[in-house]
Amino acid sequence: MRMITVYLIGLVFGIGISISGMANPAKVLNFFDFAGTWDPSLAFVMGGAVVVAFIGYRFVLKRPAPIMSERFMLPTRSDLDAKLIGGSALFGVGWGIAGFCPGGALPAIGTGNNNVLIFMAALVAGIFAAKALQSMNTTKQAA
Amino acid sequence: MIETAFTPFQSLGGGVLIGLASVLLMATVGRIMGATGILAGFMQPSSMSDWSWRAALLAGMVSGPLAVMLVTGSMPAVQVPVSTLMLVVGGFLVGIGVTFGAGCTSGHGVCGMARLSPRSIAATITFMITTAITVYVIRHVLGA
């Protein structure tokens, strides 16, 4: 039951990404190209998603616990640090070069387009490289 | 460069579904719908039950384009106006960036913004600015 429910939630997300244009790098890059072939569509994606999530979270997070799990797993930090800002800045540079973000590319795997797989392989390599760097730093600090 | 049509209604509809999925994931599993965190946890799960919901969610996501094709008769467009080298370099930088930044467009840009998290708001503003600068430099300064 839990697996089917979560699968269907993933499906809703995947359909949303597919029809929104977030899985299409041409559209994503045009959203940021104010000086050229500007396409403002993606503002509607983020606007629609944030408003629905904002309202929905108000109701959901009032409950003592989620339906299929013991507790809500929410990030609790509120401080801004160099890792957050530097990482996000670097993410933007990569997004501007490739045109895919992780949430756009994951559903796009289902289109069978080879370019998505190339991006995903590089993305996964980047995630592991960053994790290796992070654990090196942790080891250094511990020593 | 490829011109794309302005699609406010489809994009808004897609955004509403993305928001809805985020709310439903929180209501059921109690988790943030962040592609970065879900993918990273799928590759290095903390337990079997932690892996299984991530696998189910990712399977659903990947089924999205097929579901759209069954209804509309065509796959969602994936037009890639950049070279393979740019996909590889961009993908690698995205992977490093989202790991250090602890989130991407979905986790920070949608879920975190909806929770009014200061970290997510700062992250979203940061990556929106650097993405716009990168696109400007590539297209209008370097002329690629």
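Chain naming here is simple, since letters A, B, ... match the order of the sequence lines and numbering starts at 1 in each.
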For A/Gln134, give me all partners under side-chain hydrogen bond (donor to acceptor under 3.5 Å, both in side chains), at least two apart in sequence or on another chain. none
As an exercise: rank [options] by heavy-atom pairs under 4.5 Å with chain A and give me the winner.
| options | answer |
| --- | --- |
| B/Thr72, B/Val68, B/Ile96 | B/Ile96 |
| B/Ile125, B/Leu39, B/Val88, B/Val29 | B/Val29 |
| B/Ala40, B/Gly107, B/Ser106, B/Gly109 | B/Gly109 |
| B/Ala67, B/Cys111, B/Ser117 | B/Cys111 |
| B/Phe6, B/Trp53, B/Tyr136 | B/Phe6 |
| B/Ala114, B/Gly101, B/Pro118, B/Ala122 | B/Ala114 |

Within a reach of under 6.0 Å around CG of B/Leu116, are more than 12 heavy atoms found that belong to other residues, nucleotides or ligands?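 Result for CG/B/Leu116: enclosed.
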I'd like to know which of [options] tops the heavy-atom pair count under 4.5 Å against chain B.
| options | answer |
| --- | --- |
| A/Gly47, A/Cys101, A/Pro102, A/Ala65 | A/Pro102 |
| A/Tyr57, A/Trp38, A/Phe31 | A/Tyr57 |
| A/Ser78, A/Ala43, A/Gly103 | A/Ser78 |
| A/Thr37, A/Thr111, A/Ile109 | A/Thr111 |
| A/Arg77, A/Met46, A/Arg71, A/Arg58 | A/Arg77 |
| A/Phe100, A/Phe34, A/Trp95 | A/Trp95 |

Between B/Ala102 and chain A, with a heavy-atom cut-off of 4.5 Å, which part of the residue counts as in contact: side chain, backbone, both or neither?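 Interface part for B/Ala102: neither.
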Sort B/Pro8 into side chain, backbone, both or neither according to what part of it lies under 4.5 angstrom from a heavy atom of chain A. both
Does any donor atom in the side chain of A/Lys27 or B/Ser11 lie under 3.5 Å from an acceptor atom in the other side chain? no
Checking B/Ser63 against A/Tyr7: is there a side-chain donor and acceptor pair closer than 3.5 Å?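 Yes, B/Ser63 and A/Tyr7 have a side-chain donor paired with an acceptor closer than 3.5 Å.
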Tell me whether the NZ or CZ atom of A/Arg63 lies within the 45° cone about the ring axis of A/Phe59 and under 6.0 Å from its centre. no
